[in-house]
Trainee: 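Can you keep this structure in mind? I'll have questions shortly.
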Amino acid sequence: MPLSWNEIKDRALKFSHEWADESSEDAEAKSFWDAFFTVFGVPRRRVATFEQPVKKSDGHGGFIDLLWKGILLVEHKSRGKDLDRAFQQAKDYFPGLKDRDLPRYILVSDFARFRLYDLEEGEQHEFTIKDFYKNVRLFGFVAGYVTTSYKEQDPVNIKAAERMGKLHDKLKAIGYEGHELEVYLVRLLFCLFADDTSIFERRQFQDLIEQRTAEDGQDLAQWLAHLFEVLNTPPEKRLKRLDEQLAAFRYVNGSLFAEHLRTADFDRDMREILIECCALDWSRISPAIFGALFQSVMIPALRRNLGAHYTTEKNILKVIGPLFLDELRAEFERVKGQPKKLLEFHERIAKLNFLDPACGCGNFLVIAYRELRLLELDILRVLHGKAKTLSLDVSQFNILCDVDQFFGIEIEEFPAQIAQTALWLMDHQMNMRVSEEFGNYFVRLPLKKSATIVHGNALQRDWREIVKPKELSYIFGNPPFGGKKEQDAAQKRDMERTFADVKGAGVLDFVAAWYRKAAEYMAENPAIKTGFVSTNSISQGEQVGVLWRDLLRRGVKIHFAHRTFQWSSEARGKAAVHCVIIGFALHDTADKRIFDYENLKGEPHEIRASNINPYLVDAPTALIERRSGPLSEKTPHMAYGSMPIDNGSLILSEQEKSLLLKTEPNARSYIREYVGGDEFLNGIKRYCLWLVDCEPNKLRSYKAIYERIEANRKFRLSSNRPQTKELAKNPALFGEIRQPSKQFLLIPKVSSENRDYIPVGFCSYKIIASGTTLIVPAATMFEFGFLQSAMHMAWTRSVGGRLESRYQYSAGIVYNNFPWPQAETPKQRQAIEEAAQAVLDARAKYPDSSLADLYDPLTMPPDLVKAHHKLDAAVDAAYSKKKFSGDSDRVAFLFELYQQILSPLESKKKLRRNAAH
């Protein structure tokens, strides 16, 4: 076991006194360095060699004074010699070393001075021998105390996964695969990590491989099998004549090495790969990304983009912070000055239990455990701060939090095994923090407790069998997303079972099932709080009415929410998804928080809310469901554009139009401009064959057109859809025709989220609107003004759907549910119409600019901005005399108005139903 820091300091003082006057490099250098390692309780012969022969950078041979492969190179000089020159001499040895043997640290000394170089961090420390005791913590890597600042993009993470991936592929190629291979790799991962983090002695595992196994690798599998058996056997039960080097390994237990596996088979290359793995500094790999990183080992396709598919700690903290950590931290601050209450608080956090019902490799569980242990460490600092100098045994500090407070469900076996292992590794890292803090080594070996990670389908398992609701405190995680089109057959069956009693559930994303399961589970303990990362779709568009009607009926209250942002995640192979985070419970709270993002990749700003509705806005709770027509009878109806359903046969580019007219110059009247959302916004010219009024004899005479019609007929006949086959009877016409006979208003279905307004505009009836647009045939300047206002945009952002992060406008959800003002005056109406015309006039000043140019926030002309602001003010005034402070204020007002409008409509509908019965 590593010595306590207090003992190391005592030994360092004695070392300084003993060697204060030594000066001869030749006479006493070796004894000096033997004594140096003894200060840290490490026999030098265990880790380092003197006079290691090596070829220098100049091609000549040389001898390294002392080398600890992969860790430390020492260059020693007589007293008073130049340490800069000694450092350069040390670096000259590097070309002669294998990459895996290159040290992280160089230490040069002349008996009187030490100078330590950390080549990884680019740091240098120099001190005299008399101050050695003050600087011993710089040599924590010698003592076995490893405190690492983890970097998510650390190249060692990538190297580790690449090398383990190679070993995985080699073992699989020889037929060692499936469950056995997964367990085998997890054991190797544990041993590699243990070798560098003082679970084992430094290099104990690597030395066993290098010193005891043959270079051709033929006996390596037997040695590993024997080692795994030893790690699973208490010392008192081990064979009396057990090999001394194997007997030196500690008893691990924890079921990690319990299962009997077939003995694998290695060759020279596989042995070399394993040694290359050993050469990495595994202490630098955070257990927080450990699981995600090594799941990629099993999936070769993910290895091509290693490092891009793990959930960042920063994003995980967005869930666990407002779910429980912020509250616990605040309580700690309140009670830390009251010893009795602080002790009670300590005992309470050790009884908290956590469930991730889609835990993957355990990222959420690991980070949550780390944060709980860091909180406990702060408690221990307050309770025992004065005792730190007394060399008390760490066990006296009453460390209560442990991995058995954590539960998980994972559908794949390998990630489930990794999750459990990663929690043990994080436990060890936190035990090292305690050791560092209080001066005595603390380790939990043999492993007596473990997290409960169940391999199974979370939508089919009864969560109560894994952890009883009365014993659980929090549910959290990042369940698989899966839109309705991406769900496979098995997932669709799971959705049908989960939402068997919910009408319209076929539109829901897969993640919605975890909300339903959590709400059912929480019913037995309403104190439980839940926080999930989800696709933003469940808080937008038609999914809201389906999912949240069911959840609200069960008593769900939203406590906090991160509105749409870009999430980096390894969970289901999606590197960047537009997500929300929703925290909820079956009880209410006065402390409601919304985190909003001006930039989807940026940082959120926090808003305190009085109520968070399912659209994640501070407004009354209302569910906007698809309607077939507008709320008000006065409002003109909105329709889809026309759909060709033609495989491109009836659509023409500008070039195709020109070629066609060269062949058929008399067909000009049957070629119309064809506008979809993209064409409308970007000024792109496209055309279509509009043959509604074309007589049959003319159709037959236009050969080029006739050929296109025939191609369309064949396409429609080849379709699997009966409706499309039926359309083959009229191949000259669009499949769905909704073209108005007079001027209409056009709205693109999809528009960039960067625009302050979705550009809409009037079109001539001669222009054919495509199915990527929505049209309002009877619209006036009044309706145009509203659709181009900040009021309508605030509504659209809140209740509309999104395609990724882009606005996805709809008639059934957005337009038909929009609460128009109930009693605008003629004067207000005139003001809106005049302001709307001013917007069109401002656009007309820039005939060569597309709407995309005009509405780009960076290029929007000042006079157009001014015109819109005047229109916004006119529309706002039609609703209320008060001035709205911004979009949040507008949305809250609109939801209240929506409920006022809907209430009598619902009453009338109820009366009609009753009358019918």
Trainee: I'd like to know if the side chain of Gln417 pairs up with that of Glu413 as donor and acceptor (distance under 3.5 Å, no hydrogens or angles considered).
Mentor: yes

Trainee: Output all residues satisfying side chain to side chain donor-acceptor pair (under 3.5 Å) with Asn613, sequence neighbours left out; order by chain, then residue number.
Mentor: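 Applying side chain to side chain donor-acceptor pair (under 3.5 Å) to Asn613 gives none.
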
Trainee: Quick one: list whatever passes ring pair (Phe, Tyr, Trp, His ring centres under 6.0 Å) with Tyr757, sequence neighbours left out.
Mentor: His868

Trainee: Is the centre of the Tyr898 ring less than 6.0 Å from the centre of the Phe818 ring?
Mentor: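 Judged by ring-centre distance (under 6.0 Å), Tyr898 and Phe818 do not meet the cut-off.
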
Trainee: Among Met522, Lys557, His559, whose side chain to side chain contact (heavy atoms under 4.5 Å, CB included) with His587 holds?
Mentor: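 For His587, the side chain to side chain contact (heavy atoms under 4.5 Å, CB included) test succeeds with only one of Met522, Lys557, His559, which is His559.
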
Trainee: What is the distance from atom OH of Tyr515 to atom CZ of Phe499, rounded to the nearest 0.5 Å?
Mentor: 11.0 Å

Trainee: Counting only heavy atoms not in Arg464, do more than 12 sit closer than 6.0 Å to its CZ atom?
Mentor: no

Trainee: Tell me whether the centres of the aromatic rings in Phe595 and His605 are closer together than 6.0 Å.
Mentor: no

Trainee: How about Phe510 and Phe481: are their ring centres within less than 6.0 Å of each other?
Mentor: no

Trainee: Would you call Arg797 and Glu753 a salt bridge, taking side-chain N to carboxylate O under 4.0 Å as the test?
Mentor: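 No.
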
Trainee: Tell me, do Ile645 and Glu736 make a side-chain contact under 4.5 Å, heavy atoms counted?
Mentor: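 In contact.
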
Trainee: Which of parallel (below 30°), tilted (30 to 60°) and perpendicular (above 60°) describes Trp463 and Tyr521?
Mentor: tilted

Trainee: Tell me whether Lys517 contacts the main-chain N or O of Arg461 through its side chain, where contact means a donor paired with an acceptor under 3.5 Å.
Mentor: yes

Trainee: Assess the residue pair Asp550 and Lys503 against the criterion (salt bridge (charged side-chain N to carboxylate O under 4.0 Å, His left out)); give the C-alpha distance rounded to whole Å, side-chain angles, the decisive distance to 0.1 Å, and a yes or no.
Mentor: CA-CA 10 Å; Asp550 177 64; Lys503 185 180 179 181; over 6 Å; no

Trainee: Classify the ring geometry between Phe895 and Trp795 as parallel (under 30°), tilted (30 to 60°) or perpendicular (over 60°).
Mentor: tilted

Trainee: Are the side chains of Glu313 and Ile316 in contact, using a 4.5 Å heavy-atom criterion?
Mentor: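 No, side chains not in contact.
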
Trainee: Determine whether a donor-acceptor pair (N or O, by modelled atom type, separation under 3.5 Å) exists between the side chain of Gln460 and the backbone of Asn457.
Mentor: no

Trainee: Can you name the side-chain contact (heavy atoms from CB on, under 4.5 Å) partners of Ser752, sequence neighbours left out?
Mentor: Asn754, Arg755

Trainee: Holding to side-chain contact (heavy atoms from CB on, under 4.5 Å), I want the full list of residues that pass it with Ser539, two or more places apart in sequence or in another chain.
Mentor: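 With neighbours one apart ignored, the set is Val580, Leu616.
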
Trainee: Quick one: does Pro357's side chain get under 4.5 Å of Ile475's, heavy atoms only?
Mentor: yes

Trainee: I'd like to know whether NZ of Lys492 has more than 12 heavy-atom contacts from other residues, nucleotides or ligands below 6.0 angstrom.
Mentor: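 Correct, the count exceeds 12.
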
Trainee: Would you say the side chains of Asn353 and Ser473 form a donor-acceptor pair under 3.5 Å?
Mentor: no

Trainee: Could you give me the CA-CA distance, side-chain angles and deciding distance for Lys318 and Glu603, then say whether salt bridge (charged side-chain N to carboxylate O under 4.0 Å, His left out) is met?
Mentor: CA-CA 11 Å; Lys318 288 178 182 178; Glu603 296 299 315; 5.9 Å; no

Trainee: Check ring pair (Phe, Tyr, Trp, His ring centres under 6.0 Å) between Trp548 and all other residues, then give those that pass, not counting sequence neighbours.
Mentor: none

Trainee: Do Asn611 and Asp618 have a side chain donor and acceptor closer than 3.5 Å?
Mentor: no

Trainee: On the 0 to 90° scale, with breaks at 30° and 60°, tag the Phe786-Trp820 ring pair as parallel, tilted or perpendicular.
Mentor: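 The rings of Phe786 and Trp820 sit tilted, inter-plane angle from 30° to 60°.
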
Trainee: So, taking the atom named CG in Leu774 and the one named OG in Ser810, what distance separates them when rounded to the nearest 0.5 Å?
Mentor: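 The OG atom of Ser810 is 7.5 Å from CG of Leu774, to the nearest 0.5 Å.
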
Trainee: Should Tyr640 and Lys749 be marked as a side-chain contact (heavy atoms from CB on, under 4.5 Å) after you check the CA-CA gap, both sets of side-chain angles, and the distance that decides it?
Mentor: CA-CA 9 Å; Tyr640 289 104; Lys749 283 185 180 177; 3.4 Å; yes

Trainee: Start with the C-alpha distance between Phe414 and His455, add both sets of side-chain angles, then the distance that settles ring pair (Phe, Tyr, Trp, His ring centres under 6.0 Å), and finish with yes or no.
Mentor: CA-CA 9 Å; Phe414 185 54; His455 169 217; over 10 Å; no

Trainee: Residues two or more places apart in sequence or in another chain: which of them pass side-chain contact (heavy atoms from CB on, under 4.5 Å) with Glu371?
Mentor: Leu317, Ile320, Leu325, Ile367, Leu374

Trainee: Less than 6.0 Å separating the ring centroids of Phe354 and Phe407?
Mentor: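 No: the rings miss the under 6.0 Å criterion.
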
Trainee: Determine, using ring centers only, whether His578 and Tyr597 are less than 6.0 Å apart.
Mentor: no

Trainee: Between Thr772 and Ser770, is there a side-chain donor-acceptor contact under 3.5 Å, judged purely by atom types and distance?
Mentor: yes

